[in-house]
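One structure below.
Here is the naming used below: chain letters follow the sequence lines, and residue numbers restart at 1 for every chain.
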Amino acid sequence: MSHDTPTAPEKTYRHFIHDEIDADLAAGKNDGRVQTRFPPEPNGYLHIGHVKAICVNFGLAQKYGGKCNLRFDDTNPTKEEQEYVRSIQNDVRWLGFQWDALFYASDFFEQLYQYAEHLITTGKAYVCDLTGDQVSEYRGRLDKPGRESPFRNRPAAESLDLFRRMRKGEFPDGARTLRAKIDMASPNPNLRDPVLYRILHAHHHRTGGKWCIYPMYDFAHGQCDALEKITHSICTLEFEIHRPLYDWFLDHLPVPARPRQIEFARLNITYTVLSKRKLLELVQAKIVHGWDDPRMPTISGLRRRGYTPEALRAFCDTIGVARFNSTVDKQLLENSIREDLNKRAKRAMGVLDPIKVTLENFPVGRVEWIEAVNNPEDPSAGTRRVPITRTLWIERDDFREEPPKKFFRLAPGKEVRLRYAYCITCKEVKKDAAGNVTELVCTYDPETLHGSTPDGRKVKGIIHWVSADHALDAPVRLYDHLFAAEFPDDVPEGVDWKSNLNPNSLTQVATPKLEPSLRDAKPGVHYQFERIGYFFTDPIESKPGAPVFNRTVTLRDTWAKIEKRDE
RNA sequence: UACCCCGUGGUGUAAUCGGUAACACUACAGGUUUUGGUCCUGUCAUUCCUGGUUCGAGUCCAGGCGGGGUAACCA
C-alpha cells in the first residue's frame with residue numbers, strides 16, 4: 001500500500017534481552033535454539049505499543065536465526081472475535097514480519113485440560129465451590145495473607161470427578177473453579193491458589209460450543225509456550241509478578257520444553273493513550289471514527305494517517321528496550337516518519353488558507369507550464385509541469401501587511417519568489433469592509449524564471465502558489481494530537497481522562513487550492529505539500545480523480561517557532 | 001503501612017572483566033539551500049542522595065529517597 005520504494009533493513013541496537021539470551025546460549029540451553037512468539041489476545045486492534053512488542057519478538061528471532069510464531073491468546077471467549085484475528089494478522093504482515101507457525105491457545109485446549117487433570121491427580125489442584133466474592137475474600141489483601149478454601153483438601157478423586165462434570169456442562173457459570181494448591185500465605189497473590197479453570201457457557205470464536213470451561217491466562221500461556229517450544233517468552237513488566245507461577249506450572253507438569261519469561265517495559269508516548277480499554281472506549285463513544293481513525297495510535301490508524309512500516313520499525317529501534325518505565329516524546333515518532341517521507345514523498349504545492357493574488361502585468365488568458373522537481377532528494381522521481389496564470393492563490397500566512405523583522409515573505413512593496421517560477425512584488429492590498437485582506441495586486445518579473453535574477457539581486461523569500469484557474473478543491477484533513485495534555489492518563493481523582501482530549505485534533509480545510517497534478521493522485525500515496533507537511537491519500541475514501549488527503553505530519557517550521565518565541 | 005521491579009542530560013536509550021559518560025531526538029547558536037524543509041557544524045550531565053570497598057565505581061556493598069507494578073472466575 002505505501003511501499004513506494006524499498007528501504008534497507010534498519011540497524012537494530014543491542015539491549016538487555018540480548019545479554020540474557022547470550023547467557024542462555026553460552027550455558028548450552030535449548031540446544032542453541034532461539035524461538036519467540038508474539039501473543040496478542042484478539043480482543044482489540046493492535047497499537048503502537050504492540051509494534052514495539054512485535055519488533056522485539058521478531059527482531060530477536062531474526063538476530064539469532066531463530067523462529068517467531070504468532071499465537072492468539074484466546075482463552076476468554078466473552079471478549080474475543082474473529083474480526084480482531086483478521087486485523088491483527090493484517091497488521092503484523094503490513095509491518096513487514098512473517099511468522100513461522102500460527103497458533104491459537106485454543107489449539108491446545110485438550111492438552112491443557114489433560115495437564116489440569118494431571119495436577120488434580122498429583123494433588124496439586126482442586127475443585128473449589130467458593131463463589132467469586134468468596135475466593136477474593138479468602139485471598140486476603142496485599143499486606144495480609146489469605147485463608148485456605150474449605151474445599152482445598154477435597155480428595156483428588158472427588159475433584160477429578162467434579163472437574164470432569166464441569167467439562168460436561170453440569171454446572172452453571174461461576175459455580176465452581178479449578179484452583180492450584182500452592183500457598184495462601186505467599187506474599188505474591190498470584191501464588192494464593194490461583195484459579196486455573198472457570199465455567200463459561202460461551203461461544204468461542206474457534207471452538208464454538210465445544211467447551212464450557214476455559215483455562216485462565218496463567219494456566220495457558222506458559223504451557224502453550226512449552227508446547228510450541230518457545231525458548232524465550234517476552235512480555236511486559238506487569239507480568240513480572242506472574243513469573244513464579246509461570247515457572248511453578250512448568251515445574252509440576254510433564255511439558256516438552258522449558259521456556260523462560262523475560263519482561264520489558266511497555267511503550268508510553270506523550271499526547272496519547274495506549275490502553276486497549278481506553279481505545280475501545282474512544283471507538284464505542286464515537287469520539288473517533290473507528291479503530292482506523294488517523295488520529296488513533298493503532299497500527300491501522302497510523303497506516304491510514306500515512307505512517308510507513310519502515311518509519312515504525314525505525315522508531316522502535318531508536319526507543320530501545322529496557323526495564324525502566326518511561327514515556328517517549330511523541331516528536332521521536334514524528335521524526336522517524338519525517339525522515340522516511342523526506343526521502344520518498346513526491347513534492348506538490350497546495351494552498352490551504354488561500355488569498356488571491358493578481359499579477360497585473362501577466363497577460364489575461366495566458367497559461368505557462370513550468371517545470372517543477374518532484375523530489376529534490378531523489379532525482380529519479382523526475383519532474384512535472386505546473387501551470388501559472390494571471391490569478392493565483394498563495395497562503396494567507398505568507399503575507400503580512402506589517403511584516404515583523406526577519407519576515408522575508410510577501411508584504412507591501414516587497415518581493416518574493418514563487419517556488420519554481422517568477423519573482424513577484426506586492427503593489428497593492430485590497431480589503432473588504434471589515435478590513436480583511438481580499439486580494440494582493442502584484443507584478444511579476446519575466447526575467448526571473450527558474451531562479452535567475454538578471455541583476456543578481458537576492459530574493460530570499462520563496463512561497464508556494466497555485467493557479468486559480470487550475471486549482472483542485474479536494475478534501476484535506478489536518479490531524480493533530482488526539483489529546484491536548486502531554487500525559488492524558490494523568491488526571492486528578494474523579495476527573496475523566498477524556499477531558500484531556502484535543503478538541504482540534506481534526507480540522508477539515510475549508511477552501512483547499514491544490515495544484516492540478518494532484519487530481520490524479522492514487523489512493524495510498526505519500527506527498528509533501530511543500531512548506532506545509534506530508535500528506536497521504538486516504539486509502540479508503542479516495543476515488544479515481546477524487547483524492548482525499550490526510551496530513552501525516554507537518555514539516556518542521558522554524559519560522560513559526562521564532563514567531564512564537566518572540567511573542 | 002506487604003512483596004517485586006526500577007532510578008544515567010529536557011526525552012528515550014548506550015557505556016565489553018569496575019578504568020574515567022556515548023548515540024538519537026529536542027532546545028539553542030551558526031553555515032548551505034529556489035521548501036524558514038533537507039543537509040552540515042557547534043553548545044547543553046561531575047550518572048537520585050549518603051556512606052563503604054578499591055589505585056580507580058554509573059557499574060560492587062549498605063542505608064535512605066523517589067517512581068512503577070501487584071489484591072479479575074481479564075490478558
Side-chain angles (χ1 to χ4, degrees), chain A residues 13-15 39-41 43 73-76 78-80 105 128 130-133 135-136 139-146 173-179 186-190 192 194-200 213-214 216-218 220-221 235-244 263 265 267 270 276-277 317-336 338-339 342-343 347 349 372-373 376-377 406-409 417-421 423 448 450-452 459-464 528-534 554-563:
Chain A
Y13 298 101
R14 217 185 143 70
H15 56 251
E41 181 188 12
N43 70 340
D73 225 328
D74 57 351
T75 58
N76 185 355
T78 64
K79 290 186 177 171
E80 295 145 10
C128 180
L130 255 28
T131 65
D133 287 345
V135 167
S136 131
R139 186 151 25 232
R141 301 179 123 249
L142 285 176
D143 53 352
K144 283 190 216 112
D173 287 4
R176 296 179 215 270
T177 56
L178 181 71
R179 300 177 67 184
S186 170
N188 181 345
N190 289 295
R192 322 242 259 229
V195 170
L196 271 34
Y197 269 89
R198 76 282 215 190
I199 301 172
L200 239 37
I213 58 171
Y214 291 91
M216 300 289 291
Y217 163 85
D218 286 303
H221 204 93
C235 64
T236 45
L237 246 27
E238 66 269 29
F239 290 100
E240 182 172 35
I241 198 164
H242 292 245
R243 197 187 334 136
E263 313 85 14
L267 174 65
T270 54
K276 274 194 198 174
R277 201 204 89 229
D317 285 330
T318 64
I319 60 175
V321 181
R323 288 172 65 84
F324 178 66
N325 222 308
S326 62
T327 302
V328 171
D329 191 331
K330 190 163 189 204
Q331 290 188 109
L332 254 149
L333 218 207
E334 297 182 338
N335 180 65
S336 64
R338 283 196 189 104
E339 197 170 36
N342 177 50
K343 289 177 297 187
R347 272 57 170 175
M349 291 194 287
V373 171
E377 305 292 319
K406 294 283 227 37
F407 182 86
F408 40 80
R409 275 114 93 149
R417 172 172 295 287
L418 296 178
R419 176 76 162 151
Y420 301 120
C423 293
T448 54
H450 291 312
S452 60
V459 178
K460 182 131 173 99
I462 298 157
I463 63 174
H464 58 278
Q528 182 199 99
F529 289 2
E530 294 202 60
R531 308 206 309 130
I532 303 277
Y534 293 100
T554 61
L555 245 37
R556 279 200 187 81
D557 191 345
T558 306
W559 170 246
K561 208 159 50 185
I562 292 169
E563 250 197 332

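For A/Ser326, whose side chain is taken as the heavy atoms from C-beta onward, the closest listed nucleotide among B/A2, B/C6, B/G12 is B/G12. Nearest to the side chain of A/Asp329, among B/C74, B/G37, B/U11, sits B/U11. Set against B/C73, B/U26, B/U35, the side chain of A/Arg139 has B/C73 as its closest nucleotide. Side-chain atoms of A/Tyr217 lie closest to B/A75 of the nucleotides B/A75, B/U70, B/C25. Considering only side-chain atoms of A/Asn76, the nucleotide from B/A75, B/G36, B/A2 that sits closest is B/A75. Set against B/U1, B/G36, B/C73, the side chain of A/Arg409 has B/G36 as its closest nucleotide. Distance from the side chain of A/Met216 is smallest for B/C73 among the nucleotides B/C73, B/G37, B/U11. Among the nucleotides B/U70, B/C73, B/A75, the one closest to the side chain of A/Ile241 is B/U70. Side-chain proximity of A/Lys79 to the nucleotides B/U35, B/C74, B/U26 is greatest for B/C74. Nearest to the side chain of A/Arg531, among B/A14, B/U35, B/C5, sits B/U35.
Residue A/Arg192 comes nearest to A/Arg179 through the heavy atom pair O-NH2, 3.6 Å, listed as atom of the first residue, atom of the second, then distance. For A/Pro189 against A/Ile241, the heavy-atom pair with the smallest separation is CD-CD1, 4.3 Å. For the residue pair A/Val195 and A/Met216, the shortest heavy atom distance occurs at O-CG, 3.1 Å. The minimum heavy-atom distance linking A/Thr448 with A/Cys423 is given by the pair OG1-N, 2.9 Å. Considering every non-hydrogen atom in both A/Phe324 and A/Ala265, the closest pair reads O-CB, 3.2 Å. Taking every heavy atom of both residues into account, A/Arg409 and A/Ile463 meet most closely at CG-CG2, 3.8 Å.
Nucleic acid contact class of A/Phe407 (heavy atoms, under 4.0 Å, all strands): base. Heavy atoms of A/Thr131 sit under 4.0 angstrom from at least one base atom. Within 4.0 Å of A/Val321, counting heavy atoms only, lie sugar-phosphate atoms of the nucleic acid but no base atom. Across all strands shown, A/Arg338 has no heavy atoms under 4.0 Å from either base or sugar-phosphate atoms. Residue contacts for A/Ser336: at a heavy-atom cut-off of 4.0 Å it reaches no nucleic acid atom on any strand shown. Residue contacts shown for A/Lys144 are absent, as no nucleic acid heavy atom lies under 4.0 Å away. A/Pro376 comes within 4.0 angstrom of a nucleotide base, judged by non-hydrogen atoms across all strands. Looking at heavy-atom distances under 4.0 Å, A/Ile319 makes contact with sugar-phosphate atoms alone, never a base.
Residues A/Gln528 and A/Arg338 have side chains not in contact (no heavy-atom distance under 4.5 Å, counting atoms from C-beta outward). No side-chain heavy atom of A/Leu333 sits less than 4.5 Å from a side-chain heavy atom of A/Val328. Between A/Arg243 and A/Glu263, the closest side-chain pair of non-hydrogen atoms falls below 4.5 Å.
Stacking between A/Trp559 and B/G36 is shown: the ring centroid lies under 5.5 Å from the centre of the six-membered base ring, and the planes differ by under 30°.
Put simply, A/Ser136 has no side-chain N or O that comes within less than 4.0 Å of OP1 or OP2 on B/C73. Contact annotation: A/Lys561 reaches the phosphate of B/A27 (side-chain N/O to OP1 or OP2, under 4.0 Å). A sub-4.0 Å separation between OP1 or OP2 of B/C74 and a side-chain N or O of A/Thr78 is absent. Proximity of A/Arg192 to the phosphate of B/A2: no side-chain N or O atom is located under 4.0 Å from OP1 or OP2. Remark: A/Arg198 is in phosphate contact with B/C74, judged by side-chain N or O atoms under 4.0 Å from OP1 or OP2. Put simply, A/Thr558 has a side-chain N or O that comes within less than 4.0 Å of OP1 or OP2 on B/G37. For A/Arg176, no side-chain nitrogen or oxygen approaches OP1 or OP2 of B/C73 to under 4.0 Å.
Taking atom CZ of residue A/Arg14 and atom C1' of nucleotide B/A14, one finds them 12 Å apart after rounding to whole Å. Between the C1' atom of B/G12 and the OH atom of A/Tyr13 lies a distance of 12 Å, rounded to the nearest Å. Rounded to an integer number of Å, the gap from A/Phe239 CZ to B/C4 C1' is 16 Å. The separation between A/Leu196 atom CG and B/A75 atom P is 12 Å, rounded to whole Å. Across the protein-nucleic acid pair, A/Leu333 atom CG and B/U11 atom P stand 18 Å apart, rounded to whole Å. B/U13 atom P lies 7 Å from atom CZ of A/Phe324, rounded to whole Å. In this structure, the OH atom of A/Tyr197 is 18 Å from the C1' atom of B/A72, given to the nearest Å. Rounded to whole Å, the distance from CZ on A/Arg243 to C1' on B/G69 is 13 Å.
Atom C1' of B/G19 sits at a distance of 14 Å from the matching atom of B/C60, rounded to the whole Å. Of the C1' atoms belonging to B/U26 and B/U13, the separation is 15 Å, rounded to the nearest Å. When the C1' atom is used for both B/C17 and B/G56, the distance is 14 Å, rounded to whole Å. As rounded to the nearest Å, B/G58 and B/G7 have P atoms that lie 15 Å from one another. Annotation: B/G18 and B/G10 have their C1' atoms spaced 30 Å apart (nearest Å). B/G30 and B/U47 have their C1' atoms separated by 31 Å, given to the nearest Å. The separation of B/U70 from B/U16, taken at their C1' atoms, amounts to 36 Å, rounded to a whole angstrom. B/G31 and B/U20 have their C1' atoms separated by 34 Å, with the value rounded to a whole Å.
Paired regions of RNA chain B, where each region holds three or more successive Watson-Crick or G-U pairs whose two hydrogen-bonding distances fall under 3.5 Å, are B:2-7 with B:65-70, B:10-13 with B:22-25, B:27-31 with B:39-43, B:48-52 with B:60-64.
Taking syn as a glycosidic angle within 90° of 0, B/A24 does not qualify and is anti.
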task = Step by step, work out the salt bridge (Lys or Arg N to Asp or Glu O under 4.0 Å) result for A/Glu530 and A/Arg419.
result = CA-CA 9 Å; A/Glu530 294 202 60; A/Arg419 176 76 162 151; 2.6 Å; yes

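Taking only distance into account, the side chain of A/Glu240 never meets the base of B/U70 through a donor-acceptor pair shorter than 3.5 Å.
In this structure, A/Arg198 CZ and A/Thr75 OG1 are separated by 5.5 Å, a value rounded to the nearest 0.5 Å.
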